[in-house]
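Below, chain A is the first sequence line, B the second, and so on; all start at residue 1.
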Protein chains: 2
Amino acid sequence: MFFQIDPSNGLAIYDQVVRQMKFAVAGGVLRTGEMVPSVRELARELAVNPNTVARAYRCLQDDGVLETFRGQGLAVTANARERCLADRLQLIRIRIQQVLVEAKQSRLAPQELRAIVEEELQGLGGREE
Amino acid sequence: MFFQIDPSNGLAIYDQVVRQMKFAVAGGVLRTGEMVPSVRELARELAVNPNTVARAYRCLQDDGVLETFRGQGLAVTANARERCLADRLQLIRIRIQQVLVEAKQSRLAPQELRAIVEEELQGLGGREE
DNA sequence: TCTACTGTAATAGATAACTAGTACAGAGGG
DNA sequence: CCCTCTGTACTAGTTATCTATTACAGTAGA
């Protein structure tokens, strides 16, 4: 229902949860005050250990995206949206920059690079989520 | 002189060596028959353990890019160029696809995505290597 | 109060990647 | 032969991540 986790992604699972949670807030899927799934529920859903989800949630608290209500759960904070909008741009920009640097070092022509990007953008274009 | 390694890259170090070696062959920096740096020399240069370089070289042998001359070193194989040209496209395409999928899931607008790509391309444009 | 949920914490174990150190066989130059 | 280079192999230890399990405190509803 919520996220998609790929264990063989290079990124740690908890990090994937953090990123996708931020993206959900930035994209308006999760709104201020809304409760997120409980640690155990999300862990079951993702077929992942509860500790891993708890760690992700702890990170999200540290980043001011979630706040805890003891005994009840965690909710999206008041100014989470603006934080996440900024974070989303930054996170994606960094990944793009890494790929482009590598492509540049490999002496792949920029036109060829643009072609790949456009091609892959077309490949994703139609679907929503 | 040769490569740039970033230990906190997500990618394993030996994998970075493999990729950059393939890119060097694809880009014409390394030619057929040319000797590559010895395990110990490259390890010293990259400030990395010799075992890590050895592992990368073993991968490159398995992929038919390098061949070993016992007691002398390793050299680029005859048909390494064409293999690496294909590998380069594939490796970069996969990374781009991963970023675009994530961006798509985050509901970032494609125009905004293109803007970031162009912006970062400009940022790299001038430099050679 | 009892029960079931919540987050949080702590411990131990598994696995992967990398480091550290040592050792061995082959090639080549003196 | 001796020395130095080459790749290769092995063991052990470190670190980070994730799993597995148990436990505890707070909240809420019957």
Check: Any side-chain heavy-atom pair from B:Y57 and B:M21 closer than 4.5 angstrom?
Finding: yes
Checklist line | Within residues 60-68 of chain A, residues whose heavy atoms come under 4.0 Å of DNA chain C | finding: A:Q61, A:T68
Next item on the list: Sugar-phosphate means primed atoms, P, OP1 and OP2; the rest is base. With that split, encode nucleotides 17-27 of chain C 5' to 3' as B, S or - using protein heavy atoms under 4.0 Å.
Entry: SSBBB-B-BBS
Next item on the list: Using the side chain to side chain donor-acceptor pair (under 3.5 Å) rule, pick out the option among A:Q16, A:R88, A:R19, A:Q4 that qualifies with B:E102.
Entry: A:R19
Note to self: Rounded to whole Å, how long is the line connecting atom OH of B:Y57 with atom P of D:dA9?
What the structure shows: 16 Å
Notebook entry, point to check: Is it true that a side-chain atom of B:R81 and a backbone atom of B:A26 form a donor plus acceptor pair closer than 3.5 Å?
Noted result: yes
Next item on the list: Would you check if the side chain of B:S106 reaches a backbone N or O of A:F23 as a donor-acceptor pair within less than 3.5 Å?
Entry: no
Next item on the list: In whole angstrom, give the distance that lies between atom CZ of B:F69 and atom P of C:dG28.
Entry: 11 Å
Note to self: Is there a path of hydrophobic side-chain contacts, each under 4.5 Å between heavy atoms of I/L/V/M/F/W/Y residues, joining B:V17 to B:Y14?
What the structure shows: no
Note to self: Membership question, hydrophobic clusters at under 4.5 Å side-chain separation (ILVMFWY): are A:L89 and B:L100 in the same one?
What the structure shows: yes
Checklist line | Exam field: side chain A:N9 to backbone A:L11, donor-acceptor pair closer than 3.5 Å | finding: no
Item checked: B:D63 side chain vs B:V65 backbone, donor-acceptor pair below 3.5 Å -> no
Margin query: Rounding to an integer number of Å, can you tell me how far A:L74 CG sits from D:dT27 P?
Written below: 14 Å
Margin query: Donor-acceptor check, side chain of B:T68 to backbone of B:L74, threshold 3.5 angstrom: yes or no?
Written below: no
Note to self: Pairs counted only when both distances fall under 3.5 Å, Watson-Crick or G-U: show me the 5' to 3' dot-bracket for DNA chain D, [ ] for pseudoknotted crossings and | for other-strand partners.
What the structure shows: ||||||||||||||||||||||||||||||
Next item on the list: For residues B:Q98 and B:I94, determine if any side-chain heavy atom of one lies less than 4.5 Å from a side-chain heavy atom of the other.
Entry: yes
